[in-house]
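The sequence lines fix the lettering, A, B, ..., with proteins before strands; numbering per chain opens at 1.
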Amino acid sequence: MIKSTTSSLAPHRELPAPTASWHDRKGLVQIGLLAVLLLAPLAAYFLGHVYYVNLASRVTLIAMAAVGLNLAIGYGGMVSFGHAAYFGLGGYVAGISAYHAFDLTPVIAWPIAIPGSDSMLAIWLAAIVVCGLLALAIGAVSLRTTGVYFIMITLAFAQMVYYFANSWPTYGGEDGLPIYLRNSLPMVDTQDPLTFFLICFGGLLLSLALTSRIMKSRFGAALTMARLNETRLATAGIAPYPIRLVAFVISAMITGLAGALYADLNGFVSPTMLSWHMSGELMVIVILGGVGRLYGPLAGAILFVMMETLLGGLTEYWKLFLGLVLLGVVLFAKHGVMGWLAGREHP
Amino acid sequence: MTLFIEQLINGLQLGTMLFLMASGLTLIFGVMGLINLAHGSFYMVGAYATALVSAATGSFLIGLAAGITAAAAVGALVELIVIRRLYHRPHLDQVLATFALILIFSEGTRWLFGSSPLWLNAPAALSGSIALPGGSRYPIYRLVIIAVGIMVAVGMYILISRTRLGMRIRAGESDREMIGALGVNIARLYTLVFAMGAALAGLAGAMVGALQSVQVGMGQPVLILAFVVIVIGGIGSIKGALYGAILVGVVDTLGRVFLPLFFRQFMTSSEAAGVGSALAAMLIYILMALILAFKPKGLFAAHD
C-alpha cells in the first residue's frame, strides 16, 4: 500500500510528453490492424474464398469477446477466469430463442409469455440483458473477494453454468443446440458471409468505441484508480465496489453480445463455449495482445486464430506450441503484441 | 439406508482424494503465494507413470512408487525451469503461465501416449469387497483409498507441526524474507514444497486412476473441485483443505444421488432426472457462494 501511495503522491508531476512519433506509431498500428481485418475478408470474398470470410468473422467475434474481458482485467484489474460463462450464455440466448422461434413455442410461458424470436435485434438485446443480470449476481458475490479468491470464484461460477448447461436436457445438454437458420435482421441478408462479417465488424467497432469512451470518462478514471489504489479512491469519496461491479457487468455484456453473434456464425451452440478452456483462451488473447491496451484484444485474436489455423494445419498437437509461445510471452514479453508493435503505454 | 451409507463412503473417498490435491495446492499458495493451475497435470503424470510401470512390472505397488516419484520429479523440474520465475509476478501472469503448462502437458502426453485411455487395475489383493451394515457389499479398494487419505492427512499434520521442515514451511508462510535472512535456503525450500505438492497430486492420480481410466485431461475436473475446496476452506490452510475436501466430496456425491430421487416425489421421472442432475451439478458451487457470502476468506482463513 505504501509503495503505491508514494508513487502517486505527485499527480501533477511532469510526465515526459508523449512524442508525436509515439502517438503516430500507435495510431498507425491501430488503423493497420482494423484495415487488415476489414480488407482481408473483402479480398477473400471477391476471390471466392468464403472460408476466409468466416475465419475473419471468427477473429472479429473472439476479439470482441476479449475486448469485454479486457475491460475487466486490463482496465479494472479484475482477473476474471469465468468470462466463458457470458460468452456461452450469449450463445445460448441466440440458440434458445431461435429454437423456440422454430418450434413456435414460448421461451417462458409463465408469469409472462416470452415468445422465441429469430430477430437478431431482439436476441442481441436479450443476450445483453441476460448476461448483465448473470454478471450482476456473480459479480456481487465475487467482488467481495480479491486476488486469488476472485480468480477462483469467477472460475467456479463459470463451471457452475457449464455443468448446468451440460446436464440440462431440454436444450441438448452436452450435445449442444443447433441453429438451423441464421437469425435475421430487417432488410439485410445475414446468410451472406460478407454481410454477416460486416455486422460482426460493426459490433467490434462499437465495443472498442464504448471501451474508449468509458475509459475517458470520470467513471473510467475512477475504475483506473480502483485498480491502482482503492484506498485513495475511497478517500476521494467514491466507493470502489459499485464502480467495479458496474465495469464487470458492462464487460460481461460485451462478451455476451459477442457470444450471441458467435453462435450465429457457427450455427451451433454447445457447452464448449462455456468451458473453462474458453475462459482461458479469452484471457490468453488479452495477454497476447497486451493487457489494458484498447486494441490489444484485436491483435491477440488475430495472432491466436492465425496460430490456430497455421499450426493447426501442420500438427494436431498445435496447442503444445501455443503453450510454449504463451509461456514465452508471459515470462519474457510482458507487454504483448501491442507493446511490441506500438511501444509501451503510459500508465 | 444402505444406499445412504454406501454413498456417504463414496463421498468420503472423493473427499480424501480432493484433500490430496487441495493440500498441495493450498500449501503452494500459502508458502509461495503462487496459484498453480498445472496441479492437475501432476495428477495426470502420476496416473500415467503408475499405469505404465505397473503394466511393465505387473506390480501395482512398484507402479505407485514410480507414479509418486515421477510426479515429484516433474514438479521439481517445472519449479526449477518455470515456476520460480513467477513468485514475484502478479496472479494474472501466474494463471497464464500455468495455463500454458497445462496445454504443454496435455498435448505433450497426447503426443507421446495417444488419445486412448490407458488401463490401470487395482491390485488383486484389494479387489474384493466387504459387507456393509445393511447387507450390501463395498469394494475394499475404495476403503483403502480413504485410509491412505487419512494417513496422508495425519502425516501432513505431523510434518507441519512437529518437524524442522514443517517449522520452515510455517515460517515461510508468515514471513518469507525473514527466514531467508535467517539462513534458510529458501529456493530449495520452495522446490521441496512444490515437489511435495506434486507428489501428493501424483498419489491421488494413481489411486483414482485404478478406479477410472487414465487419460489426457483427467486432472482438470479434479483441479477445479480442488479450487472450490481451498476457496471454501480458506486458501493456505491445510485444516481448511481437509474440512473443505470432506464437505465438497460428501455434498457432491450425495447431491448427485439424492436430488433426482427427491425431485421424483413430485415430478415425472425424466423431468426429475433432468432437474435433479442439473441442480446436483451446481450444488457445491451454490455451497461455495453461500459460504463466501458470509465468510469471504473461507472457513479457516490462514492469512491474507
Side-chain angles (χ1 to χ4, degrees), chain A residues 73-74 77-79 81 137-138 140-153 155-170 173 275-277 279-281 283-284 286-288 291 315-332 334, chain B residues 29 33-35 37 81-82 85-86 89-108 110-111 115 220-221 223-225 227-228 230-232 234-236 270-271 273-286 288-290 292-293 296-298 304:
Chain A
I73 292 187
M78 299 172 279
V79 182
F81 201 167
I138 292 182
V141 176
S142 309
L143 284 169
R144 286 167 53 87
T145 66
T146 51
V148 183
Y149 281 89
F150 184 79
I151 299 176
M152 292 187 186
I153 288 161
L155 170 65
F157 277 123
Q159 284 303 107
M160 177 168 117
V161 179
Y162 170 79
Y163 285 120
F164 183 77
N166 227 351
S167 49
W168 187 262
T170 316
S275 76
W276 72 290
H277 281 268
S279 297
E281 280 173 11
M283 262 169 112
V284 166
V286 170
I287 308 307
L288 280 181
V291 191
T315 158
E316 65 173 299
Y317 309 107
W318 73 277
K319 284 200 171 167
L320 176 64
F321 299 97
L322 172 70
L324 291 171
V325 169
L326 180 61
L327 201 56
V329 169
V330 174
L331 291 180
F332 305 112
K334 280 186 250 177
Chain B
F29 182 80
L34 179 96
I35 169 170
L37 295 185
I81 297 172
V82 178
R85 296 167 202 274
L86 296 170
R89 294 293 198 81
H91 292 313
L92 180 60
D93 287 2
Q94 299 176 348
V95 166
L96 283 157
T98 50
F99 184 74
L101 285 176
I102 293 182
L103 295 179
I104 295 170
F105 272 108
S106 294
E107 293 306 309
R110 203 193 303 278
W111 203 346
S115 300
Q220 296 172 5
L223 175 79
I224 292 176
L225 283 181
F227 276 151
V228 173
I230 66 175
V231 168
I232 287 180
I235 302 178
S270 69
E271 262 182 35
V275 175
S277 61
L279 201 62
M282 296 165 66
L283 198 59
I284 53 164
Y285 302 103
I286 297 172
M288 181 192 72
L290 282 177
L292 287 175
K297 294 271 172 198
D304 288 352

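Taking all atoms of both residues into account, the shortest heavy-atom contact from Gly108(B) to Leu320(A) is N-CD1, 4.1 Å. Residues Asp93(B) and Val330(A) approach most closely at O-CG1, 3.5 Å, considering heavy atoms. Pairing each heavy atom of Ala97(B) with each of Leu327(A), the nearest pair is O-CD1, 3.6 Å. Annotation for Ala156(A) and Val228(B): closest pair CB-CG2, 4.1 Å, computed over non-hydrogen atoms.
The contact between Val79(A) and chain B is made entirely by side chain atoms (from C-beta outward), counting heavy-atom distances below 4.5 Å. Using a 4.5 Å cut-off between heavy atoms, Val231(B) touches chain A through backbone and side chain atoms alike. Only the side chain of Leu155(A) has a heavy atom closer than 4.5 Å to any heavy atom of chain B. Residue Leu96(B) touches chain A through both its backbone and its side chain, counting heavy-atom pairs closer than 4.5 Å. For chain B, the nearby parts of Val284(A) are the backbone and the side chain; heavy atoms of each come within less than 4.5 Å. Looking at Val291(A), only its side chain comes within 4.5 Å of chain B, counting heavy atoms on both sides.
Between chain B and the options Ile153(A), Leu322(A), Asn166(A), Ile73(A), heavy-atom pairs under 4.5 Å are most frequent for Ile153(A). Top candidate by heavy-atom pairs under 4.5 Å with chain B, chosen from Ala140(A), Gly323(A), Gly328(A), is Gly323(A). With respect to chain B, the highest number of heavy-atom pairs below 4.5 Å among Ile138(A), Val148(A), Val141(A) belongs to Val148(A).
Summarising the geometry, atom CG belonging to Leu225(B) is positioned 9.0 Å from atom CD belonging to Gln159(A); distances are rounded to the nearest 0.5 Å. Taken from CG in Leu324(A) to CD1 in Ile104(B), the straight-line distance is 4.0 Å, to the nearest 0.5 Å.
Using a 4.5 Å cut-off on side-chain heavy atoms (C-beta onward), Gln220(B) and Trp276(A) make contact. Here the side chains of Glu316(A) and Glu107(B) are not in contact, with every heavy-atom distance at 4.5 Å or above.
Under the side-chain contact (heavy atoms from CB on, under 4.5 Å) criterion, Val95(B) pairs with Phe81(A), Ile151(A), Met283(A), Ile35(B), Leu37(B), sequence neighbours left out.
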Mind listing the side-chain donor-acceptor pairs of residues 274-286 of chain B below 3.5 Å, one per line with the distance, residues two or more places apart or on another chain?
| residue | atom | partner | partner atom | Å |
| --- | --- | --- | --- | --- |
| Ser277(B) | OG | Ala273(B) | O | 2.8 |
| Ser277(B) | OG | Gly274(B) | O | 3.2 |

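At least one donor-acceptor pair under 3.5 Å links the side chain of Tyr149(A) to the backbone N or O of Lys297(B). The backbone N or O of Phe332(A) lies less than 3.5 Å from no partner atom in the side chain of Arg85(B), so there is not a single donor-acceptor pair.
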>> Please determine whether side chain to side chain contact (heavy atoms under 4.5 Å, CB included) holds for the pair Met288(B) and Met160(A), giving the CA-CA distance in whole Å, both sets of side-chain angles, and the decisive distance to 0.1 Å.
In response: CA-CA 11 Å; Met288(B) 181 192 72; Met160(A) 177 168 117; over 6 Å; no
> Passes side chain to side chain contact (heavy atoms under 4.5 Å, CB included), Phe150(A) versus His91(B)? Steps please.
Replying inline: CA-CA 11 Å; Phe150(A) 184 79; His91(B) 292 313; over 6 Å; no
> For Leu86(B) and Leu331(A), what are the C-alpha separation, side-chain angles and deciding distance, and is it a side chain to side chain contact (heavy atoms under 4.5 Å, CB included)?
Replying inline: CA-CA 8 Å; Leu86(B) 296 170; Leu331(A) 291 180; 3.8 Å; yes
>> Between Met152(A) and Ile230(B), is the side chain to side chain contact (heavy atoms under 4.5 Å, CB included) condition met? List the steps.
In response: CA-CA 9 Å; Met152(A) 292 187 186; Ile230(B) 66 175; 3.9 Å; yes
